[in-house]
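To start, the structure itself, in structure tokens.
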Amino acid sequence: PVPLDQLSRLRFSAATAAFQIEGARTEDGRGTSIWDTFVDTPERVIDGSTADPSADSYHRWREDVALAADLGLDRYRFSISWVRVQPDGRGGANSLGLDYYSRLVDDLLEAGVTPFPTLYHWDLPTTLEADGGWLARDTAFRFAEYTQLVADRLGDRVEHWYTLNEPAMTTLQGYAVGELAPGRFLLFDALPTVHHQLLAHGLATDVLRRAGAESVGLTNNHTHVLAADDSPECAAAVHAYDLLHNRIYADPVLLGAYPDLTALGSPELPIEDGDLALIAQRPDFYGINFYNPTTIGPPPADSPIPFDLLPTPGVPVTGFGEDWPIMPETLTALLLDFDRRYGEALPPMIIGENGASFPEPETAGRVEDADRISYLDGHLRAVAAAMADGARVDEYTVWSLIDNFEWADGYTQRFGLAHVDFTTGERTPKASYDWYRALIAQARA
Ligand code: FCB
């Protein structure tokens, strides 16, 4: 069993994201985001689905709140859709869009669950993408403006905020290799998006603190990098990948400087005076979304990138197959690496997402998801082990509260603690929901 003495020190949460659960893409004055463009482009999403209605949370949010409350969650991590609030990515607020989040916040508070929203979970207004998206410095300032609109409306009741979700995935999968929106293939020319996202985080942190926020941070996708062999070439490739996936985001936020990027060909980042001070305002927490380790080998001859992504041999995998190997001990290693690398500069860590998909039935009904329980149990133990070794982790978040639209994988990957029938919208708690509920109750006892 998980050592409960460590777990009693954690808060427990579960997460969702606006575009993945809400549906209602054309209601109440919502504008369009890069994800609308992506799902409306043939061949982009594996099953041709469009995220509408998905779990239909725009209409069924009360059921989500009830699921969160019955679980005994301390907080619920949801995201706010920029284009519901500010349909064109500029200008005044669309009050109908804000009304939705205001109701959600009220209902959560009434149910005893603390709202913990994310301001940006990948749904950039298409108008801003047309002007360069995250390649453009102006996008960071537009994000701060949008943040102000949200804070003006929700800041009287919301005290804890995530600015950005996974800037690493936006840069790598969105702009470098094009697997996620906006689907651009720029390889290393995508790197300015790192700086502009971090600048957006810094500017928004300022806005939220001025509005009286109690805690502000961001959450990034991080991976523990494994070497495929013990050659010096492999060590160099591991170093390059660690820079690209982990350190280029975490170092500026936590240390106020980018790491030495020689191994990535010394790219020029569009840094202006004062940017790093904004980016490095000490966050109140540092969010880590963790799913799997990454095995890296030396690059094949003539490769445009300084590493090779390889399968991790000999371990079980999730519904994504060999792309998502299951190795909970690598989460312990990652948390301890963060603790050692950043030391005093590291605020309490939050596991902002952790979870897994497995093949599951589409129609409503009880799902006995033993694989998910074992994945979550293993990773919670891994967190407890890191805490026992001195890492400070304050919160653990399951991805996801409910089944939802898994980006380019459409409805083919289910991550929920509760099953969703995407035809009827019906929610049914899975065995993992009951397991998590019992675990939270035990940790509190
Ligand atoms: C993360 C995303 C989240 C979800 C999980 C499975 O990278 O932040 O929205 O899709 O992966």
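The figures here come from the full heavy-atom set of this structure, side chains too, leaving out hydrogens, waters and symmetry mates. Just follow the structure's listing: the first ligand is 1, and inside any ligand the first atom is 1. Note that the structure is a prediction, hence the values are computed from the model and not measured.
Atoms of ligand 1 found under 4.0 Å from any heavy atom of N165 (numbered from 1 in listed order, with element): 8 (O). Ligand 1 places these atoms under 4.0 Å from at least one heavy atom of W122: 2 (C), 7 (O), 8 (O). Residue contact check: H121 has heavy atoms under 4.0 Å from atoms 2 (C), 3 (C), 8 (O), 9 (O) of ligand 1. Close contacts between ligand 1 and W407 involve ligand atoms 3 (C), 4 (C), 9 (O), 10 (O) [criterion: under 4.0 Å to a heavy atom]. Close approach of ligand 1 to F415 is summarised as follows: ligand atoms under 4.0 Å from at least one heavy atom of the residue are 6 (C). Proximity to Q20 (heavy-atom distance under 4.0 Å) selects the following atoms of ligand 1: 3 (C), 4 (C), 9 (O), 10 (O). Listed by number with element, the atoms of ligand 1 under 4.0 angstrom from any heavy atom of E406 are 4 (C), 6 (C), 10 (O).
Any N or O atom pair closer than 3.5 Å counts here, and E166 shares at least one such pair with ligand 1. When only interatomic distances are considered, the shortest N/O to N/O separation between N289 and ligand 1 does not fall below 3.5 Å.
Side-chain contact, R341 with N246: no donor N or O sits under 3.5 Å from an acceptor N or O. Checked by atom type, the side-chain pair N289/T219 shows a donor-acceptor distance below 3.5 Å. For the 3.5 Å distance criterion, the side chains of T163 and H201 qualify, holding a donor opposite an acceptor. With 3.5 Å as the limit, one finds no donor-acceptor pair spanning the side chains of T50 and D52. Counting only N and O atoms by type, the side chains of S374 and D371 include no donor and acceptor under 3.5 Å apart. Using modelled atom types and a 3.5 Å distance limit, the side chains of E27 and H59 yield a donor-acceptor pair.
Considering only non-hydrogen protein atoms, atom 5 (C) of ligand 1 sits nearest to Y291 OH, 3.2 Å. The single protein non-hydrogen atom nearest to atom 3 (C) of ligand 1 is E353 OE1, 3.4 Å, given as residue, atom name and distance.
Taking 4.0 Å as the cut-off, Q413 does not count as a neighbour of ligand 1 on heavy-atom distance.
Contact check for E362 versus F422: no side-chain heavy atoms found under the 4.5 Å cut-off.
Ring pair Y162/F285: centre-to-centre distance below 6.0 Å.
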